[in-house]
Structures are given as structure tokens and as C-alpha cells.
Amino acid sequence: MAYKPQYYAGNTSVAQNRRNHMSNNVQKVREISDEDLTACLGHRAPGSDYPSTHPPLAEMGEPDCPIRQIVTPTPGTAAGDRVRYVQWADSMYNAPAVPYWRSYHAAMNHRGVDPGTLSGRQVVEARERDMEAVAKEQMETDMTCPGLAGLRGATVHGHSCRLQEDGVMFDMIDRRRLEGDVIIQDKDQVGVPLDRKVNLGKPMTTAEANKKTTFYRVGNVAYRDDPEAIEWCQKVWELRTIYGYQPK
């Protein structure tokens, strides 16, 4: 019998969206060029070579090891890339991705990543070209609405603020904004001005965001409206807290 992963309990749209993120069942909805991605991240100049922290593995003559024979290095590891990060802030007002689900998506679908989750931001550290693969996938798919989420390496405030009058999440250092019917970004993730305006695409409408979000929220899909999700949350809590995962 083939194994079918069970990613997340629940019978609501929020539960299904959480399963979609965990299983990488996401849809590409926009195009971000490699040069624009590099500019937004701000770690190196667009078009430049990847700085390295050690020679390519093929040139290092590492000692024989059974683990090295089993595990294929990621492209960034094989090339000797340095470690860099991408960090997101996602609005609590029904952004597509809850911070934890960005972490789940990265950890379950990409190798060599180190995700970190806080209440209002999420970071992924990895070898530079591996990190860029994660960032590009999340930027280009329906995991992200450019109006309700943003790259924020510093001054991440805004995730819990009310949306602006134009429906865009507040950003204290104004990295991106609505111009016409699209979101543009003209500063990198730590606020350094760019020499271009990067078109991040159209923001989702309120109806689209409500349909795509992974946030349980009163006024859209409340957590209490998903009995199966609550049941399993309580079961895991009980097994962990009372029995230490040893129900015997």
C-alpha cells in the first residue's frame, strides 16, 4: 500500500490551504526575475557571482564518509556558497501564509534550510542559491500576496497593524507600496534604496485573500468552526503534556 502523508487535520478552506503549503501544492501566479529577486534580497549585486565561504566540494578532497555517499549536496553547498537569509512579515489580516507555514513549506520541500518562526515574521537561512530558490518559489506563488506580505530583514513591524486605506500592510520604512493596480518595491529587505522599481504584481482582493489564507480568524473562518482541527490539536497537546508521547 502506498503511503499517503496526512499533513494537517480539518475540513475548512484554511485547513486545506495549510495542507497545500505543507505539500507544496501551490500555484504560480506571478513572475519575478532573478535580477529583481537578488535586488529585493539585497545580499549581492544583481548579476554578480555568488560569494563563497569555501572551495567547491569537488575540489576539497574531503575524507571518505558513508553519509557523503548517501546525501547529495545541495547546489549551494556543492558550490561553497555562504549562508544568507530571506525574512518575511505576513499580515494577520488574512495574508495567505501564517509564519509557521512558511517554515513548514521550506523544511518539507527544500533541503539544507534552517527556518525560524516568530509571532510576526519568518526567516529561512541556507546557502545563498538554495535560499534564493525558496524565496523565489514563495514570492511567485499564491503563498504570497504582495499587499499583505513583504520581505523585511529589519524593522519588521506591521503584521498586526490594521491595513492601510489602500488595503496594503503597513511598513515603517516604506519598502513597497501600491502604485496603480500593482505593488512595487524600491528598497531591499533591510531598507536600502534600489536603483529600480521591482513590480511584485497585483495584490489579492479581499475575497481572494479570505479564500487563500492559512489564518484562522473570526470574521472569516474561525478556529471553532473546524472541529476536526481542534480535536487533533487537543489530542496532540494531551499526548505531549500528560503522557510525554508515551500513551502506554
Side-chain angles (χ1 to χ4, degrees), residues 7-32 36-37 40 86-106 108-109 117 119-122 134-152 156-172 174-185 197-230 233:
Y7 290 102
Y8 190 80
N11 297 306
T12 59
S13 60
V14 170
Q16 182 59 54
N17 292 335
R18 290 183 172 201
R19 289 190 287 271
N20 289 343
H21 288 200
M22 297 167 88
S23 63
N24 207 28
N25 182 24
V26 292
Q27 298 177 337
K28 185 174 179 178
V29 294
R30 65 186 66 86
E31 191 83 37
I32 305 293
D36 285 346
L37 172 67
C40 290
V86 56
Q87 184 164 268
W88 290 92
D90 295 276
S91 173
M92 293 171 61
Y93 287 87
N94 294 330
V98 177
Y100 254 116
W101 260 258
R102 287 196 185 276
S103 288
Y104 285 140
H105 173 267
M108 289 179 165
N109 299 288
T117 313
S119 61
R121 54 190 163 116
Q122 191 278 337
V134 178
K136 187 175 178 68
E137 183 168 65
Q138 295 194 358
M139 287 182 74
E140 291 186 333
T141 62
D142 57 359
M143 283 187 66
T144 298
C145 166
L148 299 175
L151 295 174
R152 299 190 180 183
V156 301
H157 317 74
H159 78 282
S160 61
C161 295
R162 288 175 295 180
L163 300 178
Q164 299 171 171
E165 292 181 352
D166 58 6
V168 176
M169 178 175 63
F170 171 74
D171 183 357
M172 185 178 290
D174 194 31
R175 277 160 280 216
R176 89 260 182 277
R177 71 193 68 84
L178 185 67
E179 289 194 359
D181 62 350
V182 300
I183 300 291
I184 65 96
Q185 180 167 338
K197 290 185 177 181
V198 175
N199 185 344
L200 300 178
K202 293 183 178 180
M204 293 180 178
T205 64
T206 300
E208 289 172 331
N210 290 350
K211 183 179 178 180
K212 289 290 186 180
T213 189
T214 50
F215 278 88
Y216 285 106
R217 185 179 178 87
V218 173
N220 186 39
V221 178
Y223 193 44
R224 62 173 61 95
D225 295 335
D226 206 333
E228 185 180 270
I230 294 174
C233 180

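Keep in mind it's a predicted model, so treat the numbers as computed, not measured.
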Not counting sequence neighbours, which residues clear side-chain hydrogen bond (donor to acceptor under 3.5 Å, both in side chains) with Q185? List them please. none
Main chain of G147, side chain of R176: is a donor-acceptor contact present, judged purely on distance under 3.5 Å? yes
Student check: side-chain heavy atoms of V182 and K202 closer than 4.5 Å: yes
Any salt bridge (charged side-chain N to carboxylate O under 4.0 Å, His left out) pairs touching residues 209-226, not counting sequence neighbours? D142-K212
Nearest heavy-atom contact between F215 and V14 is O-CG2, 3.4 Å
Say you draw a straight line from OG of S91 to CD of Q164; how long is it, rounded to the nearest 0.5 Å? 10.5 Å
Please give me the minimum heavy-atom distance between N11 and A15, naming the atom from each residue. N-CB, 4.1 Å
Is there a donor-acceptor pair closer than 3.5 Å between any side-chain N or O of R19 and the backbone N or O of G10? yes
Spacing of CG belonging to N210 relative to OG belonging to S13, to within rounding of 0.5 Å: 8.5 Å
Could you state the interatomic distance from CG (N17) to OG1 (T214), rounded to the nearest 0.5 Å? 7.0 Å
Is any side-chain heavy atom of H105 closer than 4.5 Å to one of E137? yes
According to salt bridge (charged side-chain N to carboxylate O under 4.0 Å, His left out), who are the partners of R177, at least two apart in sequence or on a separate chain? D174, E179, D186
Is there a side-chain contact between Y93 and R162, using heavy atoms and a 4.5 Å cut-off? yes
Counting C-beta onward and ignoring hydrogens, is there a side-chain heavy-atom pair between V86 and Q138 closer than 4.5 Å? no
Hey, what do you get for OG (S23) to CD (Q16), rounding to the nearest 0.5 Å? 7.5 Å
Please confirm whether the backbone N or O of A95 pairs with a side-chain atom of T213, one donor and one acceptor, at under 3.5 Å? yes
Between R18 and V98, is there a side-chain heavy-atom distance shorter than 4.5 Å? yes
Quick check: closest heavy atoms across I32 and N199, and the distance to 0.1 Å? CD1-O, 3.9 Å
I need the D166 CG to I183 CD1 distance, nearest 0.5 Å. 7.0 Å
Among R121, R102, Q122, the one residue meeting side chain to side chain donor-acceptor pair (under 3.5 Å) with D90: R102
Nearest heavy-atom approach of C145 to P203 is SG-CA, 3.9 Å
If you take all heavy atoms of A89 and R152, which pair is closest and at what distance? CB-CD, 3.7 Å
Do the side chain of E140 and the main chain of E31 share a donor and acceptor less than 3.5 angstrom apart? no
If you compare all heavy atoms of P96 against all heavy atoms of H21, which two are closest, and at what distance to 0.1 Å? O-CE1, 3.3 Å
Y7, OH: over 12 other non-hydrogen atoms inside 6.0 angstrom: yes
Can you tell me if T117 uses its side chain to pair, donor with acceptor, with the backbone of Y100 under 3.5 Å? no
Run through D36, T144, L200, V134 and flag the one making a side-chain contact (heavy atoms from CB on, under 4.5 Å) with M139. L200
